[in-house]
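Down below is the structure, laid out as structure tokens.
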Amino acid sequence: MLFLWGTLITEPFHIFARFIAKAVHYACKGVGISGIAASLILYVVVVSVIVLMQKFEPTKLGVFIPCAISVVFIAMLLVKAFMNRSVTISDAISLAVPAGVALAFYILKFEKGLKWFTDIYTYSLAIALVNALVFVPIAKMGTTAAKILYITKYNDIDITSGFAGLAGIPELVWGLFLTAFAVLPIIYLATIGRRK
């Protein structure tokens, strides 16, 4: 997933990350929160969504998560299309394909497939977070790094830019620090899930 993150194959999962980031951005803007506080809120929300999805995946609710995500995104696309009187074809295709797969799995009662789909959404969001916290700051260090790290091309989550230079600590160091805190519960829950 990490190596595919900068490609169009992962666009449905980019839309998922983008939706969360935009929702937090608009909520923070609505209550007058900006800067580091907004970055921290986005960080906590993204980590919380990943952890919650990990917790729900083994339960009965786990099979409904891909369908619920598809329904919400398609509804949002329709509202956006109605308001703007236009549809972005790439977004429509990117949302239609996973929705079709999720629907087919649901009709066929392929619960394991639906749970795999939930895992893909969950860990794609984790990849988006690691990309934003570690690889985006590295890519900012120079044009060569930016070209090598093609996965930063479609970054939808901006967390570390608010921390750049805070207390004299570089943006990358803040990103690594935040990554360490995020990865521990995610790995722990993934390990527990496999044991079950």
Side-chain angles (χ1 to χ4, degrees), residues 1-8 10-56 69 72-73 76-77 79-80 83-84 88 90-91 94-95 120-190:
M1 179 68 79
L2 180 62
F3 294 107
L4 294 173
W5 192 244
T7 67
L8 288 173
T10 56
E11 187 57 26
F13 312 110
H14 279 278
I15 293 171
F16 181 44
R18 195 178 307 134
F19 167 74
I20 294 169
K22 283 187 176 181
V24 173
H25 172 73
Y26 288 129
C28 287
K29 192 176 179 183
V31 294
I33 298 172
S34 60
I36 295 171
S39 294
L40 277 174
I41 290 168
L42 177 57
Y43 171 77
V44 169
V45 168
V46 171
V47 173
S48 299
V49 169
I50 295 167
V51 169
L52 282 172
M53 287 178 72
Q54 283 183 295
K55 295 287 277 183
F56 283 131
I69 290 172
V72 169
F73 287 159
M76 286 177 57
L77 182 69
V79 169
K80 188 178 175 184
M83 292 178 75
N84 297 337
T88 308
S90 60
D91 281 359
S94 295
L95 293 176
I120 292 171
Y121 271 111
T122 303
Y123 295 111
S124 67
L125 189 56
I127 292 295
L129 182 65
V130 172
N131 181 47
L133 293 174
V134 178
F135 296 111
V136 169
I138 291 172
K140 288 180 182 177
M141 291 179 172
T143 53
T144 306
K147 286 177 183 177
I148 294 169
L149 295 171
Y150 62 91
I151 59 172
T152 62
K153 187 178 178 184
Y154 298 109
N155 180 47
D156 302 298
I157 302 171
D158 181 20
I159 296 172
T160 56
S161 61
F163 288 88
L166 180 67
I169 300 171
E171 185 177 348
L172 176 59
V173 176
W174 280 113
L176 290 169
F177 177 73
L178 293 170
T179 301
F181 273 97
V183 165
L184 288 173
I186 293 167
I187 291 175
Y188 174 75
L189 287 171

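Looking at heavy atoms from C-beta onward, Lys29 lies out of side-chain contact with Ser34 at the 4.5 angstrom threshold. Between Ile15 and Leu95 the shortest side-chain heavy-atom distance falls below 4.5 Å. Contact annotation: the side chain of His25 never approaches that of Asp158 to less than 4.5 Å [non-hydrogen atoms, C-beta and beyond].
Across every non-hydrogen atom of Ala21 and Asp156, the tightest pair is CB-O, 3.3 Å. Nearest approach of Val51 to Pro185, heavy atoms of both residues: CG2-CB, 4.4 Å. For Gly175 against Thr160, the heavy-atom pair with the smallest separation is CA-CG2, 3.7 Å. For the pair Ile20 and Val46, the tightest heavy-atom approach, listed with the atom from each and the gap, is CG2-CG2, 4.1 Å. Ser161 and Glu171 get closest at one heavy-atom pair: N-OE2, 3.4 Å. Shortest non-hydrogen contact noted between Tyr121 and Pro12 is CE2-O, 4.5 Å.
A donor-acceptor pair under 3.5 Å is formed between the side chain of Tyr43 and the backbone N or O of Leu178.
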Begin with the C-alpha distance, continue with both residues' side-chain angles, and end with the deciding distance and a verdict on side chain to side chain contact (heavy atoms under 4.5 Å, CB included) for Ile169 and Phe163.
CA-CA 8 Å; Ile169 300 171; Phe163 288 88; over 6 Å; no
CA sep, side-chain torsions, deciding dist, call: Arg18, Ile157, side chain to side chain contact (heavy atoms under 4.5 Å, CB included)
CA-CA 7 Å; Arg18 195 178 307 134; Ile157 302 171; over 6 Å; no
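Here the OG1 atom belonging to Thr179 is positioned 8.5 Å from the CD1 atom belonging to Ile159, to the nearest 0.5 angstrom. Of the inter-residue distances, the one linking Ser39 atom OG with Leu133 atom CG reads 10.0 Å to the nearest 0.5 angstrom. Taken from CZ in Phe16 to CE in Met53, the straight-line distance is 4.5 Å, to the nearest 0.5 Å. Interatomic distance, CG of Leu129 versus CD1 of Ile50, reported as 5.0 Å (0.5 Å rounding). A distance of 10.5 Å separates CG of Leu40 from CD1 of Ile33, quoted to the nearest 0.5 Å.
Counting only N and O atoms by type, the side chains of Tyr123 and Gln54 include a donor and acceptor under 3.5 Å apart.
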